[in-house]
Amino acid sequence: MERSRIVGTGHFLPEKIQTNKEIEAFCDTTDEWIVQRTGIRQRHRVAEGEGSSDIAAPATLNALEAAGMEPQDIDLLLCCTTTPDQIVPATACRVQEMIGATNAAAMDLNAACSGFIYGISTADAFIKTGQAKNVAIVGTEVTGNRLSWERRDTAVLFGDGAGAAILTGSENGRGVLTSHLWCDGSGLEMLWYPGGGSKIPVTHDNLDDFDIHAVQMNGQGVFRRAVGDFSGAIEKALDSAGFSIDDVDIMVPHQANTRIINAVAQKVGLPEEKCVVNMDRVGNLIAGSIPVALDEAVRDGRIKEGALVLIAGFGAGLTWGSALIRW
Ligand code: UT7
């Protein structure tokens, strides 16, 4: 076996839509600000009581159907999420049960917005070393109940949604050509959710403290790092596989801000029309962003057999990564 290949993609977005205009009613923000500064117009929201597994399961089944496989064919299920159903056990265990992937080992992977790329790299390694035959990766996030509307700089950004991909071995030259991952833990506090873990547990006293129980982000700092590191990750992918930017048919970037995507595209010399952008409709889906955008582009025919597909992302950790895929 030469490499691993994506043989099916899928996604699931909850029915309920929350527009910028609706948010104006209870948050100190405007539709105009959100659109101009981020490109986001609306996001999807799960129904009350639903968690990340509830949207991961249909997304994974959707990808399995596209791959022509049964849940029992999967032997590794990777659930990439920053919003697990619960701390223990992994959300992947619940998804495994929900879809009936009875032969699959299952684990969560938290690399924030780079989660799907970390997932691709992990799946690729498992398949190439023969540790797994078929791997399902699902990036899934339910962000609505982790946001504080008192914190307008982050609350307007994130949506709920899940996207999935099925990988298997390939002998025909198609598949994952390269994947590269990076982390800079010194930037941890540039984008983080401090509370609820072992270091700063939830207590009666800190329950209402938004500095602990809301996403904290140095927006401008993350923006600058994202443009630089994103571009570096793309250049590394192209160099290591012996391609130039002109060889790339389509890029599916992480969807944090249209201004970031445009700046990266300009920096690496990729025409904007080759960039898949869906955040206007779905917002930032963290680990779900890339797989949802990827599946949309596959299903609407923008990604065709033989295309050179570039995926790249940047996010909390700080983590970032890229992968080149011959579709
Ligand atoms: O997905 C993981 C990685 N995340 C990212 O890559 C996000 C990177 N950062 C960004 O996308 C941008 O920094 C943001 C969209 C988060 C913010 O945009 P910005 O252009 O960097 O705004 P800013 O933080 O510099 O704030 C500009 C102004 C401030 O007001 P003053 O001080 O100029 O009066 C903010 O208080 O915008 C204000 N502001 C808002 N106004 C209306 C911040 N958030 C909002 C809001 N509505 N939601």
Side-chain angles (χ1 to χ4, degrees), residues 18-43 80-83 110-118 139-144 146-161 163 182-185 187-193 210 214-234 252-265 267 275-280 282-293 311-322:
Q18 184 181 46
T19 64
N20 294 349
K21 278 278 174 211
E22 284 166 342
I23 291 175
E24 277 181 3
F26 53 84
C27 179
D28 180 18
T29 190
T30 60
D31 174 49
E32 192 188 5
W33 189 96
I34 302 171
V35 173
Q36 278 181 3
R37 306 309 293 169
T38 72
I40 298 164
R41 292 179 184 277
Q42 62 172 47
R43 67 289 290 142
C80 310
T81 187
T82 63
T83 53
N110 179 350
C113 302
S114 314
F116 186 73
I117 300 171
Y118 270 65
T140 182
E141 304 283 359
V142 170
T143 61
R146 303 295 301 270
L147 302 169
S148 164
W149 295 106
E150 305 285 326
R151 295 295 165 98
R152 62 181 184 172
D153 59 326
T154 49
V156 300
L157 305 177
F158 300 100
D160 302 345
W182 290 268
C183 170
D184 173 10
L188 187 147
E189 294 187 12
M190 288 175 79
L191 175 49
W192 69 317
Y193 188 99
F210 294 124
V215 177
Q216 314 290 317
M217 179 165 70
N218 167 354
Q220 288 189 10
V222 174
F223 191 109
R224 277 193 295 276
R225 283 290 304 259
V227 174
D229 292 330
F230 222 119
S231 309
I234 291 170
V252 185
H254 173 56
Q255 310 280 315
N257 192 317
T258 45
R259 291 186 292 135
I260 293 178
I261 295 176
N262 294 344
V264 168
K267 205 162 176 209
C275 302
V276 177
V277 175
N278 71 352
M279 82 186 77
D280 53 321
V282 303
N284 183 344
L285 299 177
I286 314 179
S289 275
I290 292 176
V292 170
I311 61 174
F314 180 92
L318 301 168
T319 57
W320 61 106
S322 59

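Order of appearance sets the numbers: ligands from 1, and atoms from 1 within every ligand. The basis for the numbers below is simple: all heavy atoms, side chains too, and nothing from hydrogens, waters or symmetry mates.
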Subject >> Note, Arg151 side chain near Val215 side chain (heavy atom, < 4.5 Å) >> reply: no
Subject >> Residues in ring-ring contact (aromatic ring centres under 6.0 Å, His included) contact with Phe314, at least two apart in sequence or another chain >> reply: Trp320
Original post:
Does atom CZ of Arg41 have more than 12 heavy-atom neighbours, drawn from other residues, nucleotides or ligands, at distances under 6.0 Å?
Top reply: no
**OP:** Evaluate the side-chain proximity of Thr82 to Arg146: yes if any heavy-atom separation is below 4.5 Å, no if none is.
**Re:** no
**OP:** Quickly, which of Val282, Asp280, Asn284, Ile261 forms a side chain to side chain contact (heavy atoms under 4.5 Å, CB included) with Gln255? Name it, please.
**Re:** Ile261
I'd like a table of the close N/O pairs between ligand 1 and the protein (anything under 3.5 Å), one pair per line with both atom names and the distance.
residue: ligand 1; atom: 1 (O); partner: His254; partner atom: NE2; Å: 2.9
residue: ligand 1; atom: 1 (O); partner: Asn284; partner atom: ND2; Å: 2.7
residue: ligand 1; atom: 9 (N); partner: Gly219; partner atom: O; Å: 3.0
residue: ligand 1; atom: 11 (O); partner: Asn257; partner atom: ND2; Å: 2.8
residue: ligand 1; atom: 13 (O); partner: Gly219; partner atom: O; Å: 3.2
residue: ligand 1; atom: 20 (O); partner: Arg37; partner atom: NE; Å: 3.0
residue: ligand 1; atom: 20 (O); partner: Arg37; partner atom: NH2; Å: 2.7
residue: ligand 1; atom: 20 (O); partner: Arg259; partner atom: NH2; Å: 3.1
residue: ligand 1; atom: 25 (O); partner: Gln220; partner atom: NE2; Å: 2.5
residue: ligand 1; atom: 36 (O); partner: Arg152; partner atom: NH2; Å: 2.9
residue: ligand 1; atom: 37 (O); partner: Trp33; partner atom: NE1; Å: 3.1
residue: ligand 1; atom: 41 (N); partner: Trp33; partner atom: NE1; Å: 3.4
residue: ligand 1; atom: 47 (N); partner: Thr29; partner atom: OG1; Å: 2.6
residue: ligand 1; atom: 48 (N); partner: Thr29; partner atom: OG1; Å: 3.1
residue: ligand 1; atom: 48 (N); partner: Arg152; partner atom: O; Å: 3.0

**OP:** Please examine the side chains of Arg43 and Asp160, heavy atoms only from C-beta on, and report whether any two atoms are closer than 4.5 Å.
**Re:** no
